[in-house]
Amino acid sequence: MADEQTINGSESADWLALRDAAYVGRLMPLLRLAVKLYFRSDVQGLERIPEGGALLVSNHSGGLVPMDVPVVAVAVYDHFSAERPFYVLAHDGLLMAGGKYVLGRAGFLPASRESAIAALRAGATTIVFPGGDYDVFRPTKDANRVDFGGRKGYVRTALDAGVPIVPVVSIGGQEQYLFLSRGEWLARLLRLDKLLRLKIAPIIVGIPFGLTSGYVPNLPLPAKIVTRVLEPICVEEEFGPNPDIDIDEVDRAIRTRMQAALDELARERRFPVIG
């Protein structure tokens, strides 16, 4: 997982306990309005998510407004109800200060292996976006490409937790803006990697500010977001016993299946934004 923190078991338990099902229920009407009306979300294959702990692994889209998170959250809530624990592994920058209690109550966890394993062993459905900011700011020309930037920690996390990996792919989120570049060169020039732990300084075109940094809050276009849940992968059954599994092979196989599914969604898509 990207930018992993190290937290202990007690901290993991504290994070898990923050999730408030009643609070999640109060958030859902507002999120549902956004994802169903503005982004016209369509989530397919939710019945493939198995009972008990499962690690959902998804591509990430939308720049500063990654709507794939609420799209999946609303769909899981509507399909299984708030009583089924659902957690999102998030960059620690989102969870600093008050973010811990605002987002933590909604089921966000630090993107550490410890917190992920704790959630999965507790039987929770947990989603991770291995590509993180590298994926979410990918150029428009690569909009329909699954690219985790070489991050494979999710495989070891699933193995150590003893849960299946459930691949998820989404299309449409990268049509909210025109992404010109991740701006890795600009981040180095501005020393953002040293000052803010940011390795990219994305360059986008959006409304109303035009050509800007990807960190400027432009209004996202109302792109239709279509998400597909794929068949679960029991890693040890398919690739051999842990710890002898070739992590590179597993990661490559998972991304290949995800890319095939994303290519299929791309062929079914008629027009950008409209869907």
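This structure is a prediction, so every number in the text was calculated from the model and none was measured.
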Can you check side chain to side chain contact (heavy atoms under 4.5 Å, CB included) on Gln176 and Ile204, steps first, answer last?
CA-CA 10 Å; Gln176 295 170 209; Ile204 72 165; over 6 Å; no
Is there a side chain to side chain contact (heavy atoms under 4.5 Å, CB included) between Asp263 and Gln259? Walk through the geometry before answering.
CA-CA 6 Å; Asp263 289 344; Gln259 188 62 62; 2.9 Å; yes
Would you say that more than 12 heavy atoms from the other residues, nucleotides or ligands in this model lie under 6.0 Å from the CG of Leu190, or not?
yes
May I ask you to check whether Phe86 and Phe80 place their ring centres under 6.0 Å from each other?
no
Please check this pair: side chain of Arg138 against backbone of His60, looking for a donor-acceptor N/O pair closer than 3.5 Å.
yes
Looking at side-chain heavy atoms only, is the closest gap between Ser170 and Ser61 below 4.5 Å?
no
Indicate yes or no for a side-chain donor-acceptor contact from Ser41 to the backbone of Val35 under 3.5 Å, with no hydrogens or angles considered.
yes
Closer than 3.5 angstrom, by distance alone: can the side chain of Gln174 be matched with the main-chain N or O of Val136 as a donor-acceptor pair?
yes
Donor-acceptor contact present, side-chain Ser58 to main-chain Phe129, <3.5 Å:
no
Are any side-chain N or O atoms of Arg121 and backbone N or O atoms of Asp160, one a donor and one an acceptor, separated by less than 3.5 Å?
yes
Salt bridge or not for Asp193 and Arg188, using N-O below 4.0 Å?
no
Could you tell me the separation between the CZ atom of Phe239 and the CG atom of Asp246, rounded to the nearest 0.5 Å?
9.5 Å
Candidate pair Arg270 and Lys224, rule side chain to side chain contact (heavy atoms under 4.5 Å, CB included), full reasoning:
CA-CA 11 Å; Arg270 296 167 297 168; Lys224 179 176 177 61; over 6 Å; no
Close side-chain approach of Lys152 to Arg252, heavy-atom, < 4.5 Å:
no
So, for Pro167 and Ile254, which heavy atoms are closest and what is the spacing to 0.1 Å?
CG-CG2, 4.4 Å
Ignoring hydrogens and geometry, is there a side-chain-to-backbone donor-acceptor pair from Asn218 to Phe209 under 3.5 Å?
yes
Within a reach of under 6.0 Å around CD of Glu237, are more than 12 heavy atoms found that belong to other residues, nucleotides or ligands?
no
Any ion pair linking Asp142 and Arg182 (charged N to carboxylate O, less than 4.0 Å)?
no
Considering only NZ, NE, NH1 and NH2 on the basic side and carboxylate oxygens on the acidic side, decide whether Arg32 and Asp78 come within less than 4.0 Å.
yes
Cationic N near anionic O, under 4.0 Å, Arg255 to Asp251:
yes
Measure the spacing between CD1 of Ile127 and CD1 of Ile49 and express it to the nearest 0.5 Å.
8.0 Å
For the residue pair Leu230 and Met258, what are the closest heavy atoms and their distance?
CD1-CA, 4.1 Å
If you take all heavy atoms of Leu109 and Ser115, which pair is closest and at what distance?
CD1-O, 3.9 Å
Taking all atoms of both residues into account, what is the closest heavy-atom pair of Phe148 and Tyr134, and its distance?
C-CD2, 4.4 Å
Step by step, would you call Tyr177 with Phe137 a ring-ring contact (aromatic ring centres under 6.0 Å, His included)?
CA-CA 10 Å; Tyr177 309 102; Phe137 286 110; 8.9 Å; no
Check: Val102 main-chain N/O paired with Tyr23 side-chain donor or acceptor under 3.5 Å:
yes
Which atoms form the tightest heavy-atom contact between Leu55 and Leu120, and what is the distance?
N-CD2, 3.8 Å
Stepwise side chain to side chain contact (heavy atoms under 4.5 Å, CB included) test for Val71 and Val43:
CA-CA 8 Å; Val71 163; Val43 181; 3.6 Å; yes
Measure the spacing between NZ of Lys141 and CG of Leu178 and express it to the nearest 0.5 Å.
12.0 Å
For a quick test of reading the model, state the closest non-hydrogen atom pair linking Ala119 to Leu16 and the distance between them.
CB-CD2, 3.6 Å
Check: Asp135 side chain, Val146 main-chain N or O, donor-acceptor pair, under 3.5 Å:
no
